[in-house]
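This structure is a prediction, so every number in the text was calculated from the model and none was measured.
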Amino acid sequence: MGKPRVIYWFRTDLRLHDSPALKAALDLEPSAFWPVFTWDPHYVYRVKVGVNRWQYLLDCQNDLSSSIRKRNPKSKLFVLREAPQTLFPKLFKAWNVTHLVFEKDTDSYARERDSVIIDLAKKAGVEIITRYGRTLWDSDDVVAKNGGKPTMSITQLQAAGHKVGSIPRPIPAPDHLPDPGEMPVNFDQDQPDPEPDLNASHRIKEEKAYHNIAGPKDNFAVATLEELGFPTATTPHRGGETLALKTLDKIIADAEYTATFQKPKTSPTAFAPQSTTLLSPCLHFGALSPRLFYWRVQDVVDGYGKGASKPPESLTGQLFFRDMYFAAQAAVGAPFGRAVGNAHARFIPWHLPTTTKGDGRYHVDSSQAETWVRHWAAGTTGFPFVDALMRQLRAEGWIHHLGRHMLACFLTRGGCYVHWERGADVFEELLLDHEPACNAGNWQWLSCAAFYHQYFRCYSPVTFGQKWDRNGDYVRRWVPELERLDAKFIYEPWKASQAALDKAGVVIRGDGEEGGESEGNKKTYPEPMFDFGERRKVCIAAMKTAYSIGLYGDDERVKDGTWRALFEKAGETEMEGVDGSENDDDGAHADDAEYEAHGSVRGSSSKHSRGKNDSAANKTGPMDRHVKKQKTQ
DNA sequence: CTTACCGTTGGTACT
DNA sequence: AAGTACCAACGGTAA
């Protein structure tokens with residue numbers, strides 16, 4: 001029995017401070033200690049990760065690696081390019097490993113993957129040690145204290161958290177790390193199947209992610225965007241533990257901001273600087289510990305006395321929401337990320353639902369909805385506030401939480417009546433801070449499928465922006481076509497007089513698909529893609545029908561399609577399978593037309609450039625005709 | 001059982 | 001400018 005030879009497996013905990021798992025690994029007093037990151041093909045190919053988020057991940061890895069090196073010049077973050085499921089059994093042997101240590105992860109894919117790894121380690125006689133530090137409280141403990149049920153309200157989370165116990169105080173970063181052992185690669189590399197590559201559309205060059213297990217220079221280096229075939233990232237936001245801690249210091253130094261923070265009063269239109277902390281991407285990658293964040297803030301609040309804000313509005317309250325979604329997902333499992341099969345989300349027959357085949361595709365039941373979602377994703381809806389938000393999201397990978405509300409409400413229950421899964425797909429790709437539990441949870445919240453139910457409260461793309469930004473500076477920043485338009489019309493340019501438009505040098509015309517950005521000296525901006533007031537009414541009425549029918553995602557009638565009869569009986573026409581297009585009965589639909597499309601909205605980074613054949617927009621399925629016949633009977 | 005009130009972040013019309 | 005009542009009316013929670 002030699003001394004412990006330990007692999008510390010970094011995943012979504014790219015930091016050295018406050019890591020219970022890292023502490024457990026170092027407490028073994030290893031004779032060999034390898035800080036390792038494995039490239040999971042699931043992340044590289046099977047989930048949508050935009051270029052900006054890749055950049056942020058690589059930032060975090062580079063910073064971590066240099067922090068490790070500072071503590072031991074012989075060490076660094078060793079990046080191995082192979083799926084952990086095939087890599088670890090070989091590594092255990094080749095490096096003579098005795099322990100594998102990592103932070104527990106309650107995401108559904110991670111749970112599945114980690115249980116495989118734990119079995120493999122058992123077989124190899126390698127001891128597994130895990131600890132938890134991803135949320136304030138261990139999500140499984142929260143679920144247990146919530147009666148085994150998902151936490152569906154912030155009250156439940158707070159009550160269950162209270163029962164779990166006090167939030168652990170942060171653990172300082174180690175000031176020294178043990179030497180790594182020898183690292184022979186005397187085994188073959190298992191190559192993953194790159195198909196389907198959900199990120200193929202972003203790549204501008206050959207992707208070389210798995211060309212060599214230790215990277216192109218054979219030195220286990222952190223990858224570059226170029227090796228992945230990606231173009232340069234556009235986000236100004238940079239990642240890494242060092243930066244995260246600096247940002248946190250700056251926030252904490254402002255005691256009044258920290259102690260009196262009220263989320264609903266922070267502005268979604270503030271930019272340079274934004275009104276919130278922008279720490280969410282650091283939390284996602286684990287570059288910042290939520291418990292460190294919590295206690296640094298709480299200590300300020302405790303010292304501030306009267307006038308401090310309280311959860312859920314306060315800064316610490318924001319972390320509670322994160323814990324709530326994590327615990328909800330921990331309880332529900334994989335169905336939490338979907339509608340069908342999710343017993344805790346209402347069934348609402350929105351357009352463009354994901355197919356039940358599990359292939360990531362969705363049902364194009366309405367060409368009109370498909371057109372709307374494309375405009376939504378590209379930032380060409382003709383509603384300036386909506387378009388500004390989407391353009392900032394595409395460029396920077398981050399928008400304010402209330403901006404996300406606006407976009408989500410508009411796409412689902414307050415505008416397009418498109419399924420929240422379509423919006424979640426786009427956010428998953430674009431958000432730097434995309435967190436599976438929080439994304440799915442927030443989309444369910446905003447669409448009133450779960451967590452939130454007041455569907456009659458709708459965000460107006462005109463009024464909501466005006467409430468925060470009378471002059472429309474935010475819109476001018478992101479929709480430069482309207483830069484010079486009078487503030488009176490900046491949120492609703494279709495109402496502007498010809499004189500006002502002439503003065504601003506803009507023409508309101510078309511649907512943004514012509515590709516022409518300028519006409520002479522004038523710029524063009526699209527007409528609004530629908531009458532918002534009308535759509536709002538239609539959506540609220542349809543939500544009322546869906547609520548009164550009261551089905552949930554796990555209902556048999558949802559799975560077998562008999563839900564439709566219930567909605568037809570209720571006289572509902574705004575629903576999946578009914579195409580609202582005015583001009584689509586021109587005989588253009590082939591009988592065997594495909595009615596599925598890839599589960600991603602290809603928002604082109606070059607705006608206004610989407611081709612007409614880019615999607616299944618002009619194809620409809622048999623269901624449409626079926627329903628249309630019924631309508632005209 | 002009923003009832004009243006609350007729920008992180010709506011919109012409108014009024015004072 | 002900021003506060004209030006109302007719109008039409010949801011589910012969860014506590015009394």
Pair [X] + [Y]: ring centers closer than 6.0 Å:
{"X": "A:Trp478", "Y": "A:Phe385", "answer": "no"}
{"X": "A:Phe410", "Y": "A:Phe530", "answer": "yes"}
{"X": "A:Trp494", "Y": "A:Phe383", "answer": "yes"}
{"X": "A:Tyr362", "Y": "A:His419", "answer": "no"}

For the [atom1] atoms, the ones on [N] and on [M], what distance do you get once it is rounded to whole angstrom?
{"N": "B:dC6", "M": "C:dT4", "atom1": "P", "result": "14 Å"}
{"N": "C:dA5", "M": "B:dC5", "atom1": "P", "result": "13 Å"}
{"N": "B:dT8", "M": "C:dA14", "atom1": "P", "result": "13 Å"}
{"N": "B:dG7", "M": "C:dA9", "atom1": "P", "result": "22 Å"}

Earliest and latest nucleotide of DNA chain B, 5' to 3', sitting under 4.0 Å from a non-hydrogen atom of chain A?
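Contact span on the strand: B:dG7 to B:dT12.
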Matching residue for A:Trp443 among A:Trp350, A:Phe427, A:Phe336 - test: ring-ring contact (aromatic ring centres under 6.0 Å, His included)
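Looking at A:Trp350, A:Phe427, A:Phe336, the match for A:Trp443 under the ring-ring contact (aromatic ring centres under 6.0 Å, His included) is A:Phe427.
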Is there any ring-ring contact (aromatic ring centres under 6.0 Å, His included) pair reaching into residues 538-560 of chain A, and which pairs are they, with sequence neighbours excluded?
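Those involving residues 538-560 of chain A are A:Tyr455-A:Tyr547.
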Pairs flagged by ring-ring contact (aromatic ring centres under 6.0 Å, His included) wherever residues 275-303 of chain A is involved - sequence neighbours left out:
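Only A:Tyr56-A:Phe285 qualify under ring-ring contact (aromatic ring centres under 6.0 Å, His included).
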Counting the atoms with a prime plus P, OP1 and OP2 as sugar-phosphate, which does A:Trp445 contact under 4.0 Å by heavy atoms, base, sugar-phosphate, or nothing?
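Since a base atom lies under 4.0 Å of A:Trp445, the category is base.
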Taking any heavy-atom pair under 4.0 Å as a contact, classify A:Phe321: base, sugar-phosphate, or nothing.
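Base, at least one base atom sits under 4.0 Å.
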Picking from A:Arg404, A:Arg322, A:Arg53, what satisfies salt bridge (Lys or Arg N to Asp or Glu O under 4.0 Å) with A:Asp433?
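When A:Arg404, A:Arg322, A:Arg53 are each tested with A:Asp433, the salt bridge (Lys or Arg N to Asp or Glu O under 4.0 Å) holds only for A:Arg404.
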With no hydrogens and no angle check, do the side chains of A:Asp473 and A:Thr269 hold a donor and an acceptor under 3.5 Å apart?
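Absent: no donor and acceptor within the cut-off.
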Will you find, in the side chains of A:Tyr325 and A:Glu435, an N or O donor that is under 3.5 Å from an N or O acceptor?
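Short answer, no.
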Determine, for A:Arg477 against A:Asp469, whether the closest basic-nitrogen to carboxylate-oxygen distance falls under 4.0 angstrom.
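Salt bridge: no.
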Are any protein N/O atoms closer than 3.5 Å to N/O atoms in nucleotides 6-13 of chain C? If there are, list each pair with its distance.
{"residue": "C:dA9", "atom": "OP1", "partner": "A:Lys544", "partner atom": "NZ", "Å": "2.8"}
{"residue": "C:dG11", "atom": "OP1", "partner": "A:Arg346", "partner atom": "NH2", "Å": "3.0"}
{"residue": "C:dT13", "atom": "OP1", "partner": "A:Gln156", "partner atom": "NE2", "Å": "2.8"}

Heavy-atom count check: over 12 atoms from other residues, nucleotides or ligands less than 6.0 Å from A:Lys104 NZ?
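More than 12 within 6.0 Å, yes.
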Restricting both atoms to N or O, compile the protein contacts to nucleotides 2-4 of chain C shorter than 3.5 Å, with distance only.
none

Taking Watson-Crick (N1-N3 plus N6-O4 or O6-N4) and G-U wobble (N1-O2, O6-N3), each under 3.5 Å, can you produce the dot-bracket string of DNA chain B? Use [ ] for crossing pairs and | for inter-strand ones.
.||||||..||||||
Where do A:Glu574 and A:Arg535 land on the salt bridge (Lys or Arg N to Asp or Glu O under 4.0 Å) test, with the steps shown first?
CA-CA 10 Å; A:Glu574 179 62 62; A:Arg535 287 301 304 168; 2.9 Å; yes
